[in-house]
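Please read the structure below before turning to the comments.
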There are 2 protein chains.
Amino acid sequence: MAQLQKSIDKRNALIKATIELVNNNGFHATPMSKIAKMANVSPATIYLYFENKQDLVNKTYIDVKAQYTSYAFETYTTDMSVEHGFEIIWKRIADFKLNESENAMFLAQCDNTPIIDEPSLQEGIKHLQPLLDLWERGKKEGLIKNMSNYLLYAYAINPLSFLMMAQKRGAFQLEASQLEDAYQSAWSSIKN
Amino acid sequence: MAQLQKSIDKRNALIKATIELVNNNGFHATPMSKIAKMANVSPATIYLYFENKQDLVNKTYIDVKAQYTSYAFETYTTDMSVEHGFEIIWKRIADFKLNESENAMFLAQCDNTPIIDEPSLQEGIKHLQPLLDLWERGKKEGLIKNMSNYLLYAYAINPLSFLMMAQKRGAFQLEASQLEDAYQSAWSSIKN
DNA sequence: ACAATAAAAATGAACGTTCATTCTTTTTTT
DNA sequence: AAAAAAAGAATGAACGTTCATTTTTATTGT
């Protein structure tokens with residue numbers, strides 16, 4: 001127990017360091033030695049937890065993606081109405097993207113570059129299923145536009161990534177009232 | 001003249017090679033030697049055209065961004081109505097993102113990573129002004145929601161980046177009829 | 001018009017550095 | 001005392017950049 005605990009702490013420290021360094025410097029300027037230093041570990045120790053650098057960044061991606069979806073669906077249950085369920089999920093996602101912005105930023109970087117390998121990307125997509133199911137239900141009930149789920153995601157969810165990025169860059173600040181505007185825009189772009 | 005022409009060709013070849021390699025392999029796996037090889041040039045020659053690797057990628061970004069905005073506003077004039085002007089611009093942007101996807105993909109990568117330095121990012125933003133002006137006009141006329149331009153961009157334009165990326169990954173194909181859906185979603189998310 | 005010469009552009013090889021990874025030894029845990 | 005975990009130093013490869021040289025282009029004097 002104590003031994004396993006210690007290992008998990010170290011693994012988490014490595015993942016945290018990876019996120020922070022890749023966010024700030026990019027993958028190309030994030031050497032293993034810096035990751036090790038930030039996690040208070042020897043470079044060699046990384047290789048006890050991960051096969052190599054690619055494996056480290058893949059696993060980091062999967063880890064963060066799992067956190068993201070778990071957070072998103074935390075308060076959602078399938079017995080909610082389509083509109084209410086969507087609002088619940090959307091606001092959780094907004095919370096995650098704007099408050100846990102280190103994690104969200106890392107995902108944005110991974111989703112827009114070829115640094116994560118295909119199997120790991122696939123692995124990350126899986127957990128989004130509850131939202132897709134909700135949308136299918138909404139389409140059947142005639143509440144949601146009969147469009148591809150990609151289009152729905154593009155308009156209802158993805159804008160939050162852009163806003164998170166703009167906020168991270170200090171370009172602007174999303175206030176609570178604007179968040180309500182944003183939600184209305186999201187809903188009106190996908191509702192029938 | 002002949003000499004200058006030759007130089008511009010070589011510069012363009014270098015920029016094209018940079019885009020292609022960074023798109024496919026990422027910045028971290030794009031050595032100067034590969035860029036040189038793809039542009040049919042000696043590595044040393046790159047340094048006659050650009051200060052260093054950072055400068056090369058900065059200049060590439062600015063170059064592509066200028067192409068993007070120039071394409072976007074090609075058929076737009078300020079005497080158009082807000083709604084018509086927006087449709088014109090939106091569809092040009094959609095064209096660019098979906099047809100010139102190599103260029104669009106490169107921009108997406110740059111806009112979601114720290115590989116481009118701040119001054120070059122600022123330089124790239126400048127040319128978007130006509131769209132922001134159009135939106136300001138739309139707000140005054142009560143046609144467009146009175147929201148931050150960041151929010152408007154997030155909902156009206158940014159989804160196209162996501163769709164371009166999904167299409168590039170082969171996840172799905174955006175048909176002409178879906179494009180019309182997409183435009184309607186964009187417009188309904190920002191109109192009053 | 002044309003050699004001769006200067007200037008510019010381009011090259012391949014070389015340099016010093018940095019990196020991911022491994023090896024050997026030490027420390028910690030069982 | 002054995003096994004597992006961790007460490008620091010070592011290694012070889014790869015990288016960005018520069019150097020010495022060659023090739024191409026432009027300029028000059030006749």
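Naming convention: chains lettered A, B, ... in sequence-line order (proteins, then strands); numbering from 1 in each chain.
We find that CG of A:L21 is positioned 12 Å from P of C:dC19, with the value rounded to whole Å. Rounded to an integer number of Å, the gap from B:I8 CD1 to C:dA9 C1' is 15 Å. Atom P of nucleotide C:dT29 and atom CG of A:L48 are separated by 15 Å, given to the nearest angstrom. Taking atom CG of residue B:D9 and atom P of nucleotide C:dA10, one finds them 11 Å apart after rounding to whole Å. Atom pair B:F50:CZ and C:dA10:C1' shows a separation of 15 Å (rounding to whole Å applied).
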Under-3.5 Å N/O pairs linking protein and nucleotides 11-17 of chain D:
unit_1, atom_1, unit_2, atom_2, d
D:dG16, OP1, B:K53, NZ, 2.7
D:dG16, OP2, B:M32, N, 2.7
D:dT17, OP2, B:Y47, OH, 2.6
D:dT17, OP2, B:K53, N, 2.9
D:dT17, O5', B:Y47, OH, 3.2

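Ring orientation note: the planes of A:F172 and B:Y150 are close to parallel, at an angle under 30° on the 30°/60° scale.
When only modelled atom types and interatomic distance are considered, A:D117 and A:S120 share a side-chain donor-acceptor pair under 3.5 Å. Of the N and O atoms on the side chains of A:T45 and A:K10, not one donor lies less than 3.5 Å from an acceptor on the other residue. Using modelled atom types, one finds no donor on one side chain facing an acceptor on the other under 3.5 Å when comparing B:E20 with B:N24. Side-chain contact check for B:N149 and B:K139: at least one donor-acceptor pair (N or O, by modelled atom type) lies under 3.5 Å. For the residue pair A:D133 / A:Q129, a side-chain donor-acceptor distance below 3.5 Å is found, with atom types taken as modelled.
Put simply, B:S42 has no side-chain N or O that comes within less than 4.0 Å of OP1 or OP2 on C:dA10.
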